[in-house]
Amino acid sequence: MRVKTAMAAGAIGGVAGALAMGLAHTGLAKVVGSKSRGGERDATVLAAERVLGGELEGDRAAIAGTAVHLLFGAASGAAYGAAAALLPSVRCGAGLPLGAALYFGAHGWAVPRARLSESPLDKPLAGELVEFAAHLVYGAVTDAVLRIPRR
């Protein structure tokens with residue numbers, strides 16, 4: 001697959017993966033009774049506020065947070081698509097390594113370093129297991145969509 005095609009498919013897959021991740025997070029949190037965000041403002045909303053230069057409330061905060069999540073999902077998916085086109089072995093594991101890498105790299109390291117969230121080490125384990133599983137869903141869905149142009 002050409003790199004540009006793989007990047008486009010990866011971006012679409014990343015949006016689908018981000019949407020699926022949100023649904024998985026909500027469902028899994030209900031199953032385990034987790035409130036992993038524990039009253040803190042969502043990191044995606046905080047990122048949007050930094051970009052826009054002011055505090056967001058209500059629907060504006062929800063829309064901006066969703067936009068940040070989908071844009072990050074699309075960008076991550078596009079990068080994954082490009083990497084997979086150049087080095088097909090990147091796709092071993094059907095996207096699960098992608099989800100794990102984003103959990104550890106973005107959620108676990110970059111987001112806390114940017115002071116958008118506390119470290120996962122300081123959060124309840126049940127909530128972090130939900131976060132990890134939701135990131136695996138992101139990776140699997142992103143990879144599944146990336147496979148569609150080959151069919």
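- The shortest non-hydrogen separation linking Pro97 to Gly93 is CD-O, 3.5 Å.
- Considering every non-hydrogen atom in both Ala6 and Gly81, the closest pair reads CB-O, 3.2 Å.
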**Item:** Worked verdict on Leu129 versus Val32 for side-chain contact (heavy atoms from CB on, under 4.5 Å)
**Value:** CA-CA 10 Å; Leu129 291 174; Val32 300; over 6 Å; no
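- Heavy-atom contacts from other residues, nucleotides or ligands closer than 6.0 Å to CG of Asp122 number more than 12.
- The side-chain contact (heavy atoms from CB on, under 4.5 Å) with Leu98 is formed by just one residue from the set Leu146, Thr142, Val90; it is Thr142.
- The side-chain heavy atoms of His69 and Met21, taken from C-beta on, include a pair separated by under 4.5 Å.
- For the atom pair CG (Asp42) and CG (Leu56), the distance works out to 12.0 Å, reported to the nearest 0.5 Å.
- Contact record, Gly14 with Tyr138: O-CE1, 3.2 Å, taken as the closest heavy-atom pair.
- There is no path of hydrophobic side-chain contacts, each under 4.5 Å, that joins Ile63 to Leu46.
- Between His107 and His135, the ring planes are tilted. Angles from 30° to 60° get that label.
- Using a 4.5 Å cut-off between side-chain heavy atoms of Ile, Leu, Val, Met, Phe, Trp and Tyr, with links allowed through other members, Met7 and Leu87 fall into different hydrophobic clusters.
- Every pair passing salt bridge (charged side-chain N to carboxylate O under 4.0 Å, His left out) that includes a residue from residues 134-145 is listed here, sequence neighbours excluded: Arg91-Asp143, Asp143-Arg147.
- Taking both residues in full, the closest heavy atoms of Pro112 and Gly108 are given as CG-O, 3.5 Å, listed atom of the first, atom of the second, then distance.
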**Stepwise side-chain contact (heavy atoms from CB on, under 4.5 Å) check, Thr44 with Thr66** = CA-CA 7 Å; Thr44 59; Thr66 299; over 6 Å; no
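- For residues 47-58, the side chain to side chain donor-acceptor pair (under 3.5 Å) pairs, not counting sequence neighbours, are Arg41-Glu49.
- Atom CZ of Arg113 sits in a crowded spot, with more than 12 heavy atoms from other residues, nucleotides or ligands closer than 6.0 Å.
- Tyr103 and Trp109 are not part of a single hydrophobic cluster, where members link through side-chain heavy atoms under 4.5 Å apart.
- At a threshold of 4.5 Å between side-chain heavy atoms, the hydrophobic network of Ile, Leu, Val, Met, Phe, Trp and Tyr places Leu102 and Leu136 in two separate groups.
- The shortest non-hydrogen separation linking Ser117 to Ala43 is CB-CB, 4.4 Å.
- Residue Ala24 comes nearest to Val137 through the heavy atom pair CB-CG2, 3.9 Å, listed as atom of the first residue, atom of the second, then distance.
- Evaluation of the side-chain contact (heavy atoms from CB on, under 4.5 Å) rule for Ala133 yields Leu28 as partners, not counting sequence neighbours.
- Phe72 and Val45 fall into different hydrophobic clusters, where Ile, Leu, Val, Met, Phe, Trp and Tyr residues are linked whenever their side-chain heavy atoms come under 4.5 Å apart, directly or through other members.
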